[in-house]
Amino acid sequence: MERGGAKRVAVKCAVPAILAACVLLVFVQCGAAGGSPDGGSAAARGGRGFNATDVMFLQMMLPHQEQGVKLARLAGRRPVRPEVGTLAAAIETTQVAEAKRMQERLRAWRRPLRARAHEHAAHGGMPETTDAELAALERMPPDRFEREFLNLLIAHQDDAVQMARLETGKGEDAWTRRLAERVGRSRSAQIEQMLAILGPDPRKGPKPPEDSPRK
């Protein structure tokens, strides 16, 4: 799926409810009451004090965090403004630490760090940052890199916000719910910061006054 830069961001920010509904479908099909769509796997089931939503949230967030770290590290190797470099470094540090705690939680529950492939069958509709997108960004010319980097990172962090909302709405484990709340707040703040850094796209030219005559 091609993100399309700022267009991808506008669509995601305008219709978060659609994304939330897609993720909800994933959670329902993976078994909100336990088990996978075929009803067989114990990997996605809950246990004492936690449920399937908690498990799936952490299992989905771990690869998402890994992609986010890869994305953030690209900024350390390319010419970007100091505020962009500082933000990227902070994101890398935070997400590495979060991923470690997520792994510890899943191990404590005796659940795998990744769900089996078929348990994410419905996950195809959920936008994600792919290796192809990262490779394309790495090849981006210096004069375009920063804007494309920010657009991709905004989209990536918005995915995390949508997953966090599902956990806070359906999760049972208090620790995982608190993590999801922090993820939602921090990623939303980062998105606002990046949108402010981006400003208007100079390639689109000035916006005409609202009262100007239409041709």
Side-chain angles (χ1 to χ4, degrees), residues 16 19-20 22-36 41-75 87-131 133-134 152-191:
L19 290 176
C22 291
V23 185
L24 180 58
L25 179 61
V26 174
F27 278 73
V28 169
Q29 293 194 357
C30 288
S36 62
S41 175
R45 292 179 186 162
R48 186 181 297 275
F50 65 97
N51 63 14
T53 299
D54 299 318
V55 175
M56 291 304 297
F57 170 69
L58 297 181
Q59 289 177 335
M60 291 167 68
M61 280 297 294
L62 275 171
H64 187 269
Q65 298 285 78
E66 291 172 3
Q67 291 290 330
V69 169
K70 289 180 182 178
L71 179 55
R73 285 175 177 167
L74 287 180
L87 175 62
I91 288 173
E92 177 184 349
T93 300
T94 298
Q95 295 195 181
V96 167
E98 287 175 346
K100 181 179 179 181
R101 293 193 292 270
M102 291 177 194
Q103 291 170 353
E104 291 170 350
R105 200 67 172 176
L106 286 169
R107 290 190 181 107
W109 291 340
R110 298 176 184 249
R111 297 296 183 268
L113 303 184
R114 300 288 190 276
R116 296 191 307 190
H118 76 277
E119 290 175 338
H120 287 296
H123 192 212
M126 182 69 185
E128 61 179 357
T129 303
T130 65
D131 289 338
E133 287 174 316
L134 292 172
L152 188 57
L153 185 54
I154 287 169
H156 182 85
Q157 299 300 65
D158 189 63
D159 291 342
V161 172
Q162 307 311 321
M163 287 189 281
R165 286 176 180 169
L166 264 295
E167 167 60 24
T168 56
K170 299 288 185 179
E172 180 179 337
D173 178 57
W175 181 90
T176 308
R177 286 170 58 86
R178 287 195 300 270
L179 172 65
E181 289 169 358
R182 290 196 301 271
V183 166
R185 289 194 303 269
S186 66
R187 276 46 166 190
S188 295
Q190 290 164 6
I191 289 169

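Keep in mind it's a predicted model, so treat the numbers as computed, not measured.
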Minimum heavy-atom distance between Ile91 and Ala72, given as atom pair plus value: CG2-CB, 4.3 Å

Rounded distance (nearest 0.5 Å) linking atom CG of Leu152 with atom CG of Leu71: 5.0 Å

For Lys70, side chain to side chain contact (heavy atoms under 4.5 Å, CB included) partners two or more places apart: Gln67, Asp131, Leu134

Residue list, side chain to side chain donor-acceptor pair (under 3.5 Å) with Glu66, at least two apart or on another chain: Arg114

Listed partners of Ala180 passing side chain to side chain contact (heavy atoms under 4.5 Å, CB included), at least two apart: Phe57, Ala164, Glu167, Thr168

Side-chain heavy atoms of Phe50 within contact of Leu58, under 4.5 Å: no

Pairwise distance OG1(Thr176) to CZ(Arg101) - rounded to 0.5 angstrom: 11.5 Å

Closest non-hydrogen atom pair, Gly68 against Gln95: CA-NE2, 3.6 Å

pair Gln190-His156: side-chain heavy atoms closer than 4.5 Å: no

Pairs touching residues 159-186 that satisfy ring pair (Phe, Tyr, Trp, His ring centres under 6.0 Å), sequence neighbours left out: none

Side chain to side chain donor-acceptor pair (under 3.5 Å) involving Glu98 - partner list, sequence neighbours excluded: Gln65, Arg187

Pairing residues for Arg73 by the salt bridge (charged side-chain N to carboxylate O under 4.0 Å, His left out) criterion, not counting sequence neighbours: Glu92

Residue pair Val161 / Gly184: nearest heavy atoms and the distance that separates them: CG2-O, 4.1 Å

Side-chain donor or acceptor of Glu172 paired with backbone N/O of Asp54 under 3.5 Å: no

Those residues that, when tested against Arg105, pass side chain to side chain donor-acceptor pair (under 3.5 Å) (two or more places apart): Asp173

pair Leu106-Gln103: side-chain heavy atoms closer than 4.5 Å: no

Exercise: identify the closest heavy-atom pair between Leu62 and Leu113: CD1-O, 3.7 Å

